[in-house]
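Taking it in order: structure first as structure tokens, then the write-up.
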Amino acid sequence: MIKEEMIFVGIQIDDKFKAIEYLVEKAEEIGFVNEKDPLVEAVIEREKLVSTNLELSIAIPHGKSSVVNEPFISYLSTTRPFPWDEGESSSVQYIFLIGVPENGGSKTHLKYISEVSKKLMDEDFRKELFESKTSKEAYELLKSINEKIEITN
């Protein structure tokens with residue numbers, strides 16, 4: 001689910017679509033995704049339905065697609081906050097992209113979103129994560145989500 005290769009800290013991105021494309025491209029590079037464009041489109045279509053901006057400087061874009069080989073959660077912190085949605089006053093700086101296979105069933109999809117959201121409601125966890133200076137530091141915190149998902153599967 002969460003692999004260190006999918007954790008990116010201090011990246012200079014200031015646009016929702018660039019962030020989504022960046023993370024999907026990285027997922028394709030390590031083999032979680034066969035082809036990036038269909039997943040990028042699925043995530044953007046999902047964003048059009050309801051924004052995934054959770055406030056607290058966090059967004060959790062997600063999508064299901066047949067091009068996803070293996071479910072994954074990626075994390076990106078940007079160098080500074082940026083508006084996630086046009087006309088919104090709240091900005092985003094921390095992005096979790098969740099990709100699941102189309103045939104993986106919505107329960108898997110919802111379980112990942114739920115576990116990430118639960119962790120992010122913990123103020124101490126958020127503070128520690130947001131202060132991470134390296135991908136390795138962030139991964140050490142985030143891998144507890146893997147453990148929680150594996151226990152419930």
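Since we're looking at a predicted model, the values are computed, not measured. The figures here come from the full heavy-atom set of this structure, side chains too, leaving out hydrogens, waters and symmetry mates.
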Could you tell me whether the side chain of Ile73 reaches within less than 4.5 Å of the side chain of Met6, counting heavy atoms only? no
Are any of the side-chain nitrogens in Asp85 or Lys16 under 4.0 Å away from the carboxylate oxygens of its partner? yes
Roughly how far, to the nearest 0.5 Å, is CD1 of Ile98 from CG of Leu23? 11.5 Å
Full working for side chain to side chain contact (heavy atoms under 4.5 Å, CB included) between Ile7 and Leu142: CA-CA 9 Å; Ile7 308 295; Leu142 293 169; 3.6 Å; yes
Measuring from atom CD of Gln93 to atom CG of Leu56, what distance do you get when rounded to the nearest 0.5 angstrom? 12.5 Å
Take Val67 and Glu102, measure what side chain to side chain contact (heavy atoms under 4.5 Å, CB included) needs, and give me the verdict at the end. CA-CA 8 Å; Val67 299; Glu102 197 162 45; over 6 Å; no
Looking at Glu131 and Lys127, is there a salt bridge between them, counting it only when a charged N and a carboxylate O are closer than 4.0 Å? yes
Determine, stepwise, if the pair Asn103 / Ser66 fulfils side-chain hydrogen bond (donor to acceptor under 3.5 Å, both in side chains). CA-CA 7 Å; Asn103 297 330; Ser66 60; over 6 Å; no
So, does Ser77 use its side chain to make a donor-acceptor pair with the main chain of Gly10 at under 3.5 Å? yes
Sequence neighbours excluded, which residues qualify as side chain to side chain contact (heavy atoms under 4.5 Å, CB included) partners of Glu41? Asp37
From Ile20 CD1 over to Glu25 CD, what is the distance, rounded to the nearest 0.5 angstrom? 13.5 Å
Separation of Phe8 CZ from Ser74 OG (nearest 0.5 Å): 7.0 Å
Minimum-distance pair of heavy atoms, taken over all atoms of Glu140 and Lys143: OE1-NZ, 2.9 Å
Are the side chains of Val9 and Ser135 in touch, meaning some heavy atoms are under 4.5 Å apart? yes
Taking side chain as C-beta onward, heavy atoms only, is Lys119 less than 4.5 Å from Ser144? yes
Are side-chain heavy atoms of Glu128 and Asp124 found at a separation under 4.5 Å? no
Before giving the answer on side chain to side chain contact (heavy atoms under 4.5 Å, CB included), spell out for Ile60 and Val116 the whole-Å C-alpha distance, their side-chain angles and the decisive distance to 0.1 Å. CA-CA 9 Å; Ile60 307 179; Val116 170; 3.8 Å; yes
Treating Ser65 as the side-chain partner and Val68 as the backbone partner, does any N or O pair qualify as donor plus acceptor under 3.5 Å? no
How long is the straight-line distance from CE of Met1 back to CD of Glu70, given to the nearest 0.5 Å? 8.5 Å
Pairing of Lys118 and Glu115 as salt bridge, 4.0 angstrom limit: yes
What distance separates Phe72 CZ from Lys3 NZ, expressed to the nearest 0.5 Å? 12.0 Å
Criterion side chain to side chain contact (heavy atoms under 4.5 Å, CB included) on Leu120 and Phe96, from CA distance to verdict: CA-CA 11 Å; Leu120 293 173; Phe96 290 84; 3.6 Å; yes
Taking C-beta and beyond as the side chain, do Ile44 and Phe17 meet within less than 4.5 Å on heavy atoms? yes
Does the side chain of Ile95 come within less than 4.5 Å of Pro61's, by heavy atoms? yes
Please evaluate residues Glu21 and Lys18 with respect to the criterion salt bridge (charged side-chain N to carboxylate O under 4.0 Å, His left out), reporting the C-alpha separation (whole Å), side-chain torsions for both, the decisive distance (0.1 Å), and the verdict. CA-CA 5 Å; Glu21 190 165 322; Lys18 288 178 187 171; over 6 Å; no
Less than 4.5 Å apart, side chain to side chain, heavy atoms only: is that true for Phe82 and Ser91? no
Ring center gap for Tyr75 and Tyr139 short of 6.0 angstrom: no
Would you indicate whether the side-chain heavy atoms of Leu141 and Phe125 approach each other to under 4.5 Å? yes
